There are 2 protein chains.
Amino acid sequence: MPYPSQVNAETIVQAAASLIETHGADGVSLSAVGAALGVKAPSLYRYFDNKTALLRAVNQQTAARLTSALVEATEPEPDPAAKVMAMFRAYRAFAHAHPALYSLAYLSGSPELRVGEAVADQFGAAMQGVIAELVGAERALPVLRAVWALAHGFVALELAGLFERQGGAGLDAAYDEAVVLFVGGIRLG
Amino acid sequence: MPYPSQVNAETIVQAAASLIETHGADGVSLSAVGAALGVKAPSLYRYFDNKTALLRAVNQQTAARLTSALVEATEPEPDPAAKVMAMFRAYRAFAHAHPALYSLAYLSGSPELRVGEAVADQFGAAMQGVIAELVGAERALPVLRAVWALAHGFVALELAGLFERQGGAGLDAAYDEAVVLFVGGIRLG
DNA sequence: GTCTATAGAGCGATAGAC
DNA sequence: GTCTATCGCTCTATAGAC
């Protein structure tokens, strides 16, 4: 952390994100973020109006990262069913890789941290195309919601530790199995 | 709030639960809970070691309430498929009726608030029987997980407001549709 | 069994010097 | 652009009087 401290909005978001990943969302105070950058808390107010604005920016970044991870995962796959399967896997992989960031963006119901466009539109637009290839454009929206619900629900219960009591092992297989069950249902409908 | 204040563990849990329902989980301080009972914060320490213990008790109650709501909903239904459908609907109805309590118990990943037996075992045992009637005992566990994931995921995304951007209307129908898709998949498997 | 008083800590945010 | 200093607030938890 050298002297011309080179602090800007981007590095602050980055530092906050790292802190959230390592110490959880509750461990993020402005002074902690500042300390990670070699700077005191009040300095951050030059770049963000308040803490909420900073966390919103973090969520925006998380949503963008998740979306591009999904796009990257689905793109190389040849057929629609494989794309959907790849999307499911990439979704869970992202949540496992960044559980605290994922939770902050998608699990906290707090309205002030919500970033509508980034979280829902961006994500929805990218994925709806993939779904439409499988089930047709007119059924894409409800199926997208169902797909999202299944993936999010599985991951959220996992992260909350609620699957552990029934034997935590074999969750990878259980996830794939749930997806296969579901994709079977989709094709029927 | 009469004078022989009649405070005990049960009334404290009750007051905390009400407070959570009306003001959200963050609005629960010990002094607020005390105030709701006509008592000061330090008095509560006669009944709970600390705040965490109180919240754990609240979660335990929430889990018990959810479980019995599901049992009550499924019992009158005649065939297995109808039972599962009723279970799905009751699950969502409970989360809608008590969103903040539901979130605290099932959405917060906080390990210290976890009540393993009550949340997972109690719930799992009650529901696994219903599922087993539909798909057989040996497939009951993975299917239960998938069912739970779908219901929880849909409800969680709803509560987080993430479905609103795509048109919040019609979520009742969307949920039923997702369930039907899924139950179709279950029967195939 | 409930109270007052208080310790002790952490936080977000602002004012103003440099 | 970053600092020091500080305000003001909230909260958990304890000690000890009543």
Side-chain angles (χ1 to χ4, degrees), chain A residues 1-60 100 103-104 108 110-115, chain B residues 1-60 100 103-104 108 110-115:
Chain A
M1 320 306 169
Y3 260 125
S5 264
Q6 276 309 64
V7 168
N8 57 49
E10 202 177 331
T11 61
I12 294 172
V13 169
Q14 213 40 262
S18 303
L19 247 160
I20 291 168
E21 281 204 44
T22 56
H23 291 77
D26 289 349
V28 186
S29 67
L30 292 181
S31 67
V33 173
L37 294 164
V39 144
K40 300 295 178 185
S43 308
L44 305 179
Y45 285 86
R46 289 265 163 206
Y47 307 93
F48 292 95
D49 284 349
N50 48 46
K51 187 187 184 182
T52 304
L54 169 55
L55 291 182
R56 219 168 13 227
V58 171
N59 278 351
Q60 203 115 16
S103 296
L104 187 67
S108 118
S110 167
E112 44 192 12
L113 296 185
R114 213 168 289 163
V115 276
Chain B
M1 322 307 168
Y3 260 122
S5 264
Q6 275 309 65
V7 168
N8 57 50
E10 201 178 332
T11 61
I12 293 172
V13 169
Q14 211 42 260
S18 303
L19 248 159
I20 291 167
E21 281 205 43
T22 56
H23 292 76
D26 289 348
V28 186
S29 67
L30 293 180
S31 67
V33 173
L37 294 165
V39 145
K40 300 296 178 186
S43 308
L44 306 179
Y45 285 85
R46 290 266 161 203
Y47 307 93
F48 293 94
D49 284 349
N50 48 45
K51 187 186 183 183
T52 303
L54 169 55
L55 292 182
R56 223 174 3 234
V58 170
N59 278 352
Q60 203 115 15
S103 296
L104 188 67
S108 117
S110 167
E112 44 193 10
L113 296 185
R114 214 169 288 164
V115 276

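Note that these values count all heavy atoms, side chains included, but never hydrogens, waters or copies made by symmetry. Predicted, not measured: the structure shown is a model, and the values here were computed from it.
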Show the distances under 3.5 angstrom between N or O atoms of the protein and N or O atoms of nucleotides 16-18 of chain D.
none

Dump the pairs, protein N or O against N or O of nucleotides 12-14 of chain C, anything under 3.5 Å, distances to one decimal.
from   : atom 1 : to      : atom 2 : distance (Å)
C:dG12 : OP1    : A:Lys51 : NZ     : 2.8
C:dG12 : OP2    : A:Leu30 : N      : 3.1
C:dA13 : OP2    : A:Tyr45 : OH     : 2.9
C:dA13 : OP2    : A:Lys51 : N      : 3.0
C:dA13 : O5'    : A:Tyr45 : OH     : 3.3

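A pairwise comparison of heavy atoms in A:Ala100 and A:Gly24 identifies CB-CA, 4.4 Å as the closest pair.
One distance of note links CD1 of B:Ile12 with CD of B:Gln14; it measures 11.5 Å at 0.5 Å rounding. Note that the CD1 atom of B:Ile20 and the CG atom of B:Asp26 stand 10.0 Å from one another [nearest 0.5 Å]. Annotation: the span from B:Ser108 atom OG to B:Asn59 atom CG amounts to 7.0 Å, rounded to 0.5 Å. Summarising the geometry, atom CG belonging to B:Leu113 is positioned 9.5 Å from atom NZ belonging to B:Lys51; distances are rounded to the nearest 0.5 Å. The CG atom of B:Asn50 sits 7.0 Å away from atom CZ of B:Arg56, with the distance rounded to the nearest 0.5 Å.
To the nearest angstrom, P of D:dC11 lies 13 Å from CG of B:Leu55. The interatomic distance linking B:Asp26 (CG) with D:dC11 (C1') rounds to 12 Å, in whole Å. If you measure from atom CG of A:Leu54 to atom P of C:dC11, you get 14 Å, rounded to the nearest angstrom. In this structure, the CG atom of A:Leu37 is 10 Å from the P atom of D:dT2, given to the nearest Å. Between B:Leu19 atom CG and D:dC11 atom C1' there is a gap of 15 Å when expressed in whole angstrom units. Spacing between atom CG of B:Leu44 and atom P of D:dT12 amounts to 10 Å, rounded to whole angstrom units.
Among the atoms of the strands shown, only primed sugar atoms or phosphate atoms (P, OP1, OP2) are found under 4.0 Å from some heavy atom of A:Tyr47.
No donor-acceptor distance shorter than 3.5 angstrom exists from the side chain of B:Thr11 to the backbone of B:Val7, with no hydrogens or angles considered.
Using a 4.5 Å cut-off on side-chain heavy atoms (C-beta onward), B:Leu30 and B:Leu54 make contact.
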